[in-house]
Engineer: 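Structure incoming, see below.
A quick note: this is a predicted structure, and the numbers were derived from the prediction, not measured. Here, residue 1 is the first one in the sequence, and each next residue gets the next number.
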Amino acid sequence: MLKELDLSQDNLRKFGRTMAFCLLAIGLVLLLRRKSLFMVLWAIGLIFFILAQARAVSLRPIYKIWMGLAFCLGWVNTRIILLLVYYLVVTPIGLILRLFRKDLLNLKPEKGAQTYWLKRELKNSAKESYERIF
């Protein structure tokens with residue numbers, strides 16, 4: 001994934017400007033909350049902006065590290081979100097359906113049934129109904 005990163009001058013400039021904007025915005029929030037850390041964030045944000053405008057190539061190692069962290073977080077978050085959805089949504093629905101003995105897919109075998117085919121009424125057998133199936 002990191003080998004496929006776009007390390008062009010324009011992309012590095014966008015990265016530098018985005019980091020500068022985010023750091024300046026976080027610094028503004030800290031200023032409004034009367035925290036003293038805002039000056040450090042503003043200084044780092046200003047450095048990012050100057051580097052993005054003057055020498056964007058110098059942001060390449062920081063960009064690679066940042067994107068490596070982003071890929072790692074994406075990998076972990078995807079698994080956590082899928083795990084939570086499965087155990088907090090899919091599993092309770094399955095347990096509730098079992099509790100009420102619901103068979104939504106008609107998978108239970110019926111004793112004495114000659115066929116499992118379901119009868120279907122033909123609504124429209126005109127030629128036009130075959131043109132747009134979905």
Side-chain angles (χ1 to χ4, degrees):
M1 289 286 221
L2 288 176
K3 294 176 185 176
E4 300 171 7
L5 281 179
D6 180 14
L7 297 174
S8 66
Q9 195 83 1
D10 290 337
N11 200 31
L12 291 173
R13 275 202 177 98
K14 286 180 192 176
F15 169 70
R17 287 186 205 132
T18 303
M19 289 296 288
F21 175 77
C22 290
L23 289 170
L24 293 173
I26 293 170
L28 181 64
V29 170
L30 291 178
L31 175 66
L32 295 175
R33 292 185 178 198
R34 301 182 194 276
K35 305 289 182 184
S36 60
L37 188 62
F38 77 94
M39 290 295 276
V40 174
L41 292 178
W42 280 2
I44 297 171
L46 188 61
I47 291 169
F48 265 103
F49 185 76
I50 291 170
L51 286 175
Q53 295 303 97
R55 189 163 160 79
V57 177
S58 61
L59 293 174
R60 186 176 290 157
I62 298 170
Y63 179 68
K64 284 182 178 181
I65 292 170
W66 188 261
M67 293 309 291
L69 289 172
F71 288 138
C72 290
L73 282 174
W75 188 86
V76 169
N77 284 339
T78 301
R79 274 113 186 114
I80 290 173
I81 291 169
L82 286 174
L83 182 97
L84 290 174
V85 166
Y86 182 77
Y87 283 112
L88 297 178
V89 177
V90 175
T91 302
I93 290 173
L95 291 174
I96 290 170
L97 288 174
R98 277 193 183 185
L99 182 68
F100 291 109
R101 299 181 193 269
K102 294 288 182 179
D103 184 21
L104 299 179
L105 297 177
N106 296 325
L107 295 176
K108 290 182 184 175
E110 297 175 23
K111 293 183 179 179
Q114 292 181 353
T115 182
Y116 287 105
W117 286 83
L118 299 176
K119 291 281 186 186
R120 185 179 141 216
E121 278 186 39
L122 293 176
K123 295 179 183 175
N124 187 4
S125 62
K127 177 183 163 187
E128 292 81 25
S129 67
Y130 293 108
E131 290 178 3
R132 294 186 178 236
I133 298 173
F134 302 105

Engineer: Just by distance, no angles: are the side chains of Asn11 and Tyr63 close enough, under 3.5 Å, to form a donor-acceptor pair?
Structural biologist: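 There is such a pair (donor and acceptor under 3.5 Å, judged by atom type) between the side chains of Asn11 and Tyr63.
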
Engineer: In a table with atom names and distances, give each donor-acceptor pair under 3.5 Å that connects a side chain of residues 67-83 to protein atoms at least two apart or in another chain.
Structural biologist:
from, atom 1, to, atom 2, distance (Å)
Asn77, ND2, Leu73, O, 3.3
Thr78, OG1, Gly74, O, 2.6
Arg79, NH1, Trp75, O, 3.2

Engineer: Among side-chain atoms of Asp6 and Ser8, is any donor-acceptor pair under 3.5 angstrom?
Structural biologist: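 There is such a pair (donor and acceptor under 3.5 Å, judged by atom type) between the side chains of Asp6 and Ser8.
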
Engineer: Would you say that Leu32 contacts Phe38 through its side chain, given a criterion of any heavy-atom pair below 4.5 Å between the two side chains?
Structural biologist: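 Counting from C-beta outward, Leu32 and Phe38 never come under 4.5 Å.
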
Engineer: Heavy atoms only: give me the nearest Trp42-Leu23 pair and the separation to one decimal.
Structural biologist: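 What the structure gives for the nearest pair is CD1-O, 4.2 Å.
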
Engineer: Quick check for you: to the nearest 0.5 Å, what is the distance between Leu97 atom CG and Asp103 atom CG?
Structural biologist: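 Leu97 atom CG to Asp103 atom CG measures 9.5 Å (nearest 0.5 Å).
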
Engineer: Calculate, to the nearest 0.5 Å, the distance between atoms CZ and CZ belonging to Arg60 and Arg55 respectively.
Structural biologist: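 If I round to the nearest 0.5 Å, the distance is 10.0 Å.
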
Engineer: Under 4.5 Å between side-chain heavy atoms, hopping through other hydrophobics if needed: is there a path connecting Val89 to Leu104?
Structural biologist: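 Both belong to a single hydrophobic cluster.
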
Engineer: Which atom names give the shortest non-hydrogen contact between Ala52 and Gly16, and what distance separates them?
Structural biologist: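 Heavy atoms of Ala52 and Gly16 come nearest at CB-CA, 3.7 Å.
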
Engineer: Which heavy-atom pair separates Leu12 from Val57 by the least distance, and what is that distance?
Structural biologist: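 It is CD1-CA, 4.1 Å.
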
Engineer: Is the shortest heavy-atom distance from the side chain of Phe49 to the side chain of Gln53 under 4.5 Å?
Structural biologist: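 Side-chain contact under 4.5 Å: yes.
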
Engineer: Check this for me: Gln9, atom CD, are more than 12 non-hydrogen atoms of other residues, nucleotides or ligands nearer than 6.0 Å?
Structural biologist: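 Count over threshold, so yes.
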
Engineer: Do other residues, nucleotides or ligands put more than 12 heavy atoms under 6.0 Å from Tyr116 OH?
Structural biologist: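 Yes, the 6.0 Å shell around OH holds more than 12 heavy atoms from other groups.
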
Engineer: Is there a chain of hydrophobic side chains (I, L, V, M, F, W, Y, each step under 4.5 Å between heavy atoms) that links Ile44 to Phe21?
Structural biologist: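 Per the 4.5 Å side-chain linkage, Ile44 and Phe21 are not co-clustered.
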
Engineer: With a 4.5 Å heavy-atom cut-off, do Lys35 and Val29 have their side chains touching?
Structural biologist: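 No; the side chains remain at least 4.5 Å from each other.
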
Engineer: Are Phe15 and Phe48 side-chain neighbours, meaning at least one heavy-atom pair lies under 4.5 Å?
Structural biologist: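 Side chain of Phe15 against side chain of Phe48, heavy atoms only: contact under 4.5 Å found.
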
Engineer: Is there a path from Ile62 to Ile50 through hydrophobic residues (I, L, V, M, F, W, Y) whose side chains come within less than 4.5 Å of each other?
Structural biologist: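 Hydrophobic grouping puts Ile62 apart from Ile50.
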
Engineer: Output the distance between atom CG (Leu46) and atom CG (Leu41), rounded to the nearest 0.5 Å.
Structural biologist: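 The CG atom of Leu46 sits 12.5 Å away from the CG atom of Leu41.
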
Engineer: If you round to the nearest 0.5 Å, how far is CD1 of Ile65 from CG of Leu59?
Structural biologist: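 The CG atom of Leu59 sits 11.5 Å away from the CD1 atom of Ile65.
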
Engineer: Atom CG in Leu24, atom CE in Met19: separation rounded to 0.5 Å?
Structural biologist: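 Answer rounded to 0.5 Å: 11.0 Å.
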
